[in-house]
Every structure is written in structure tokens, then in C-alpha cells.
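Structure, as C-alpha cells:
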Amino acid sequence: MAPEETAKKPVEETGVRLPPLEGAVMGQVVTRFPPEPNGYPHIGHAKAAIIDEEYARMYQGKLILRFDDTNPLKEKLEYYDAIKEGLDWLGVKPDIVKNTSDDISLIQQYGRKLVELDGAYVCTCSQETMHDLRAKGVACECRRDPSEALTRLEKLFNGSYEQNQAIIRFKGDMADLNTAMRDPALFRIIEGQHPKLGSKIRVWPTYDFAAPIEDSLDGVTHAMRTKEYELRNALYFAILDRLDLRKPTMIEFSRLEFEGVPVSKRKIRPLIDDGTIKDWDDPRLPTLSAFRRRGFVPEAIRKFVISLGITLAETKPPFEALEAYNRKIIDPLSMRLFFVKDPVELYVQEAADLDVVLKNHPTDTALGSRTVKASDRFYVSGDDAAGLKINDEIRLIELYNVKITRIECQEGKLSLTATPAGSEIKQSMPKIQWVSKQDIFDLRVLIPKQLYVGEQYNTNSLEVVKGVAESFVSGFKPGQVVQFVRFGFCRIDGNNTAIFTHR
RNA sequence: GCUCCGGUGGUGUAGUCCGGUCAAGCAUUGUGGCCUUUCAAGUCGCAGAUCUCGGGUUCAAAUCCCGACCGGAGCACCA
């Protein structure tokens with residue numbers, strides 16, 4: 001089974017559900033997911049996008065995917081695509097896709113209007129001055145004397161100012177206890193190549209200005225964002241107030257991140273730059289591409305996100321919960337195969353050559369079966385071998401029982417000898433998986449662990465397990481999710497490598 | 001430092017707005033049985049929270065009020 005082919009079940013059937021939306025009217029809800037195309041999508045994006053979509057669906061409304069691209073210095077074309085791909089994989093289907101930059105002239109017009117309305121002004125103070133005055137809660141000369149505002153506004157847009165020489169500031173309240181209201185920047189000059197607009201535009205709105213304008217104009221009824229924006233709500237509504245624009249309902253929720261698996265580029269980029277981590281889809285990362293490569297299916301992520309609700313409490317949810325959702329989905333779809341870690345040779349004296357037919361799934365016969373050629377030589381896992389004593393009787397799963405007659409250790413290499421011991425399945429007997437010596441496929445399994453322990457990179461974050469699997473595994477394409485019996489679920493990654501999903 | 005937001009079993013949450021039906025539901029984890037030629041899944045059961053703490057209001061508080069403590073966020077010409 002390839003994870004991307006998992007059937008998408010309606011969430012209502014799963015038992016997990018989001019609480020009702022405040023003030024929502026059936027058929028009229030419009031939500032929006034506004035990522036900045038400045039990086040690869042991760043689990044945090046997934047949470048926001050899924051919640052946005054769930055509510056749009058719950059009320060038979062619309063979901064807008066709006067790339068919040070108002071900073072040409074940070075955005076790249078490849079990220080627009082990466083985010084689209086990520087959402088596509090997640091099964092999040094926006095009804096409308098647009099960019100904030102599509103509306104750049106409109107937004108600029110509203111900016112000009114705000115200055116004309118005396119709701120904003122052009123400030124030419126240095127950043128240091130601004131910072132100091134803001135800290136003191138004092139207005140600068142640019143604000144106190146509005147006579148030049150309109151002239152400056154023209155100069156700003158006709159290119160008379162250089163970058164950093166002038167910005168448009170909101171006329172808030174320099175003494176407000178909420179510092180977001182102390183005349184924040186609304187527009188600034190950025191010289192740079194924008195992925196969509198090139199160098200055509202140089203007066204760019206900040207997020208603080210673009211977001212409310214876009215939400216209002218796009219018809220968004222319920223705007224959701226993570227809670228670090230809470231203090232900016234006052235600004236958001238003040239802007240819409242002064243411009244006399246319709247106000248959406250604002251809802252915030254906590255960010256999603258796992259313990260030891262940071263989402264921040266600040267913590268990941270250095271590891272990629274210095275080669276510690278190869279790429280953004282490394283299974284230790286919380287990017288969507290990593291989850292996919294690791295064998296997680298979109299529907300598990302969706303259920304998990306919904307189960308978290310839209311709480312404001314800042315907590316790191318247990319990764320095991322995500323695993324549990326995933327396990328329940330992939331369990332019935334995954335073939336059961338044998339893989340032995342740290343192989344130890346087992347010689348079964350006088351064992352006959354056999355063609356063993358193995359079921360690919362214990363209950364679902366639709367998954368078929370396979371035939372393995374067995375002789376008297378096998379491999380069993382080092383862990384199992386280590387626990388054996390002479391005269392122990394064990395069952396080779398789906399084969400027969402053997403009794404250990406000799407345990408040798410030459411040059412640190414363990415080997416076992418046994419004799420047949422019937423075929424009756426006994427409750428008490430350990431049942432272990434095996435691989436026929438003439439039917440092996442070398443396989444290494446990558447087991448991702450926490451990337452960070454505290455603030456420190458975890459040097460043991462990727463365990464590499466070596467072993468042998470059945471040759472049947474060689475026929476799988478990358479993307480196949482299987483369960484190695486008594487080992488865990490894995491996703492075939494190609495090049496004799498599998499990635500451990502979870503147990 | 002200032003401001004804002006949180007604080008329910010090991011963990012994540014429901015409930016808090018509109019006090020009683022909540023000595024608190026669900027999930028996960030743990031644990032025991034059944035099932036099973038897997039240490040998975042399924043299934044049945046159990047364990048685990050006096051709802052951060054201290055006051056107050058009330059016949060009645062997880063739910064309202066006050067205070068404290070702890071945790072997080074914001075204080076950018078980033079989003």
C-alpha cells in the first residue's frame with residue numbers, strides 16, 4: 001500500500017470532531033489558510049490547514065489558500081509549490097488559490113487611503129529612533145506634524161526614498177500597553193526580486209496590514225491563526241475600523257510541535273547546511289515530506305490534529321497519539337513480512353527443502369500470499385538468538401518447531417544448531433520470524449528518534465539497523481508500507497533501505 | 001521589566017461563556033483476560049485527576065470573584 005493512496009474517509013465517521021464554530025452560518029463560512037512561501041510545509045502548517053478546511057467543510061463553506069507573499073526577501077517560488085504539494089498530499093483541497101501579491105495594488109490603495117484619512121503617516125525616523133520612542137511611548141515629529149504626510153506619501157510611491165528611509169506607520173496609540181498598537185509599520189520599501197512580481201513593486205505591505213485587508217476583501221468569515229498573534233488582534237480590527245471594512249471573526253489556537261522535534265528553520269537549517277541532515281524530507285524532521293517518507297498517512301495526521309482541538313493551552317502533544325492513529329489505519333493494509341535484525345545463522349539438521357506459502361496478512365486474504373524456498377539454513381534475529389539456551393524449543397512462524405542443540409560463538413559471531421521438533425503449535429513456545437538463507441534481501445532500517453534533546457542536537461537521532469528480509473521485499477517500490485513481524489511498521493525507501501514508522 | 005494568554009489523570013483533550021445532570025467524558029499510555037503461528041490489530045476489563053495553590057461568593061464551583069505560583073507569547077521596516 002502506498003500511503004498516498006489511502007482512501008480518505010469522512011471525518012465524521014471517525015469519532016473525532018471539532019467543536020462548533022462561533023457565529024457560523026451553514027453555507028456561508030469562509031476560512032483561509034495563509035502560509036508564507038518561505039519554507040517547506042510542516043506539521044504546524046498541517047494543523048492550521050486542516051482546521052481551516054474542516055470548518056469550511058463542516059459548514060459547507062469555502063477554503064481559500066492564500067500565499068502570504070509580502071516580503072520578497074524571504075519568499076521563493078519553490079516554496080509555493082512545496083506547500084501546494086504538501087496540502088495535496090494531506091488531502092486539503094482549497095476552493096480558491098491566490099496570493100496576497102495578486103492584490104498588491106489594491107492593498108497599496110488602501111494604504112494611501114489610510115494616510116489620507118489621517119489613520120496613518122509616513123515616518124522617516126531611523127529604526128533606532130523608532131525603537132526608542134516606541135519603548136518610551138512617545139510620538140515622533142513625523143506623527144505630530146501631519147502637514148507633510150501627503151507629500152511624503154507621493155515620494156514614497158514615486159521612488160524618491162531609498163530602502164530604510166521611510167515607512168508608513170499606523171496611527172495607533174504610542175502609549176498603549178499593547179505595544180503592537182504603538183504605531184506599527186504598515187508599508188516599507190524592499191528592493192528585491194519577488195517570486196511573482198519581480199522588482200516591479202518596491203513598497204510592500206507588512207503582514208499586519210495585508211492580513212486584515214485580504215481577509216476582509218476575500219470574504220473570510222472566520223480567520224484563524226496561532227496564538228502568538230493574539231496581541232495583534234487589536235491592530236487587525238483597528239485597521240479594518242478606520243477603513244470601514246467588514247470584520248471577520250478571529251480565532252486563535254496553539255501551535256503544534258512535538259517534543260524534541262522543532263519546527264523552526266532556525267534549528268533545522270544549520271543541520272542541513274553542515275550536512276548532518278541530508279534534506280528537508282529526512283525522517284527525523286516534522287516536515288510533511290518527512291512524515292510521508294516515514295510512512296505516516298494523511299488521514300492519521302488529520303484525525304490527530306482534530307483530536308487536539310482548538311485549545312489555547314501551549315503543550316506538546318504526545319507523538320504516540322499520532323502513531324496510534326496511524327497504526328490503526330495502516331494495520332489492516334500492511335503486508336506482514338519477515339525481517340531479522342542482526343541476523344544469526346540457524347542450522348536445522350536434516351530439515352527438508354520446502355516451498356513455504358506465507359500469508360501476506362493474518363486476516364485479509366485479499367492481500368494474497370507468497371512462497372518462500374526454505375532449506376536447512378535460516379537467519380533469525382540476534383535479539384531472539386541471544387535469549388536462547390540449549391534444549392529450548394521455539395517455533396519458526398508458519399513453519400515448524402525446532403529444538404536448539406548447539407550454540408556456538410566463533411570470533412564474536414553467534415550461530416545456532418537445532419533439530420526438528422514437530423509442528424504442533426504450542427501456546428508456551430516463543431514464536432519467532434525467520435528468513436531462509438537462500439531467500440535473503442539485505443535491508444537496513446532507519447529508525448528516527450528525537451532530533452533534539454533539550455537545546456542540543458541529538459547525535460543518536462537516527463539509528464541504523466542492519467539485517468535481512470525476505471527477497472519478496474526486493475519487489476517493492478519506494479512508498480510501500482509493510483509490517484515486519486515483531487519489529488514494526490516500515491516504509492520502503494529504496495536502495496535496500498526502509499524507514500521505521502512505528503512499532 | 002511591561003502587557004497579554006494559558007494551567008483538568010503519566011500524556012493530549014471535553015466540560016469553564018449560560019454554577020447543580022461532573023467526586024469529571026474521550027483518546028493515548030500502562031496493566032489484566034480473550035483472540036492470535038507478531039511484542040501489531042481487534043475485543044472485554046482495570047488503574048489513574050477532590051479539576052495548580054490559597055481565600056471568597058453561593059444551598060451548591062472545575063465552572064463566578066480576588067490573590068499567589070508555574071508555563072508560554074508579544075514588545076521587528078518577519079510572518
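Heavy atoms only: backbone and side chains are in, while hydrogens, waters and symmetry mates are out. Lettering follows sequence order; numbering is per chain, from 1.
Protein atom CE of Met250(A) is 16 Å distant from nucleotide atom C1' of C4(B), rounded to whole Å. One atom, CZ of Phe258(A), and another, P of U11(B), lie 17 Å apart when rounded to the nearest Å. One atom, CG of Asn178(A), and another, C1' of G1(B), lie 16 Å apart when rounded to the nearest Å. Between the P atom of A79(B) and the CZ atom of Phe209(A) lies a distance of 13 Å, rounded to the nearest Å. A straight line from CD of Glu230(A) to C1' of G72(B) spans 10 Å, rounded to a whole angstrom. Whole-Å rounding puts the Lys136(A) NZ to G1(B) C1' distance at 16 Å.
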Could you go over nucleotides 62-67 of chain B and give all protein N or O partners under 3.5 Å, atom names and distances?
none

Please produce a list of atom pairs where a protein N or O lies less than 3.5 Å from an N or O of nucleotides 25-33 of chain B.
from, atom 1, to, atom 2, distance (Å)
U28(B), OP1, Lys328(A), NZ, 2.1

Each nucleotide N or O in nucleotides 13-15 of chain B that has a protein N or O under 3.5 Å away: list the pair and distance.
from, atom 1, to, atom 2, distance (Å)
U13(B), OP1, Thr315(A), OG1, 2.7
U13(B), OP2, Thr315(A), OG1, 3.3

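Defined by atom type and a distance below 3.5 Å, a donor-acceptor pair is present between the side-chain atoms of Ser101(A) and Asp69(A). For Asn360(A) and Arg336(A), the side-chain atoms include no donor-acceptor pair closer than 3.5 Å. Using modelled atom types and a 3.5 Å distance limit, the side chains of Tyr400(A) and Glu424(A) yield no donor-acceptor pair.
Taken residue by residue, residues 155-176 of chain A places heavy atoms nearer than 4.0 Å to RNA chain B at Asn164(A), Ile167(A). Sorted by residue number, the members of residues 181-191 of chain A with any non-hydrogen atom under 4.0 Å from RNA chain B read Ala185(A), Arg188(A).
With distances taken from any side-chain atom of Asp331(A) to the nucleotides A41(B), G6(B), A79(B), the minimum falls on A41(B). Listed candidates were C2(B), A73(B), A40(B). Nearest to the side chain of Leu231(A) is A73(B). Comparing A76(B), C5(B), U37(B) against the side chain of Lys227(A) picks out C5(B) as the nearest.
On a pure distance criterion of 3.5 Å, a polar donor-acceptor pair joins the side chain of Tyr229(A) and the base of A79(B).
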task = Any chance you could lay out the ring pair (Phe, Tyr, Trp, His ring centres under 6.0 Å) test for Phe484(A) and Phe338(A), step after step, and finish with the verdict?
result = CA-CA 5 Å; Phe484(A) 287 126; Phe338(A) 293 159; 9.6 Å; no
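Note on Lys316(A): only backbone sugar-phosphate atoms sit closer than 4.0 angstrom, heavy atoms only; bases stay farther off. Residue-level contact check: Asp384(A) touches the bases, meaning some heavy atom is under 4.0 Å from a base atom. Across all strands, Gln127(A) comes closer than 4.0 Å to base atoms (heavy-atom distances). Within 4.0 Å (heavy atoms only), Glu257(A) reaches no atom of the nucleic acid at all. Contact annotation for Gln483(A): base contact, defined as any heavy-atom pair under 4.0 Å involving a base atom.
In this view, Arg395(A) satisfies the salt bridge (charged side-chain N to carboxylate O under 4.0 Å, His left out) rule with no residue, not counting sequence neighbours. With sequence neighbours excluded, no residue satisfies ring-ring contact (aromatic ring centres under 6.0 Å, His included) with Phe253(A). Residues passing the salt bridge (charged side-chain N to carboxylate O under 4.0 Å, His left out) test with Asp384(A) are Arg486(A), sequence neighbours excluded. By the salt bridge (charged side-chain N to carboxylate O under 4.0 Å, His left out) test, Arg169(A) pairs with no residue at all, sequence neighbours left out. Under the salt bridge (charged side-chain N to carboxylate O under 4.0 Å, His left out) criterion, Asp183(A) pairs with Arg143(A), sequence neighbours left out.
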Please set out all donor-acceptor pairs under 3.5 angstrom arising from side-chain atoms of residues 103-110 of chain A, sequence neighbours excluded.
from, atom 1, to, atom 2, distance (Å)
Asp103(A), OD2, Lys98(A), NZ, 2.6
Gln108(A), NE2, Val203(A), O, 2.9

Please list every donor-acceptor pair under 3.5 Å in which a side-chain atom of residues 159-168 of chain A meets a protein atom from a residue at least two apart or in another chain.
from, atom 1, to, atom 2, distance (Å)
Ser160(A), OG, Asn158(A), OD1, 2.5
Gln163(A), OE1, Glu191(A), N, 2.6
Gln165(A), OE1, Glu162(A), N, 2.8

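A sub-4.0 Å separation between OP1 or OP2 of C78(B) and a side-chain N or O of Thr206(A) is absent.
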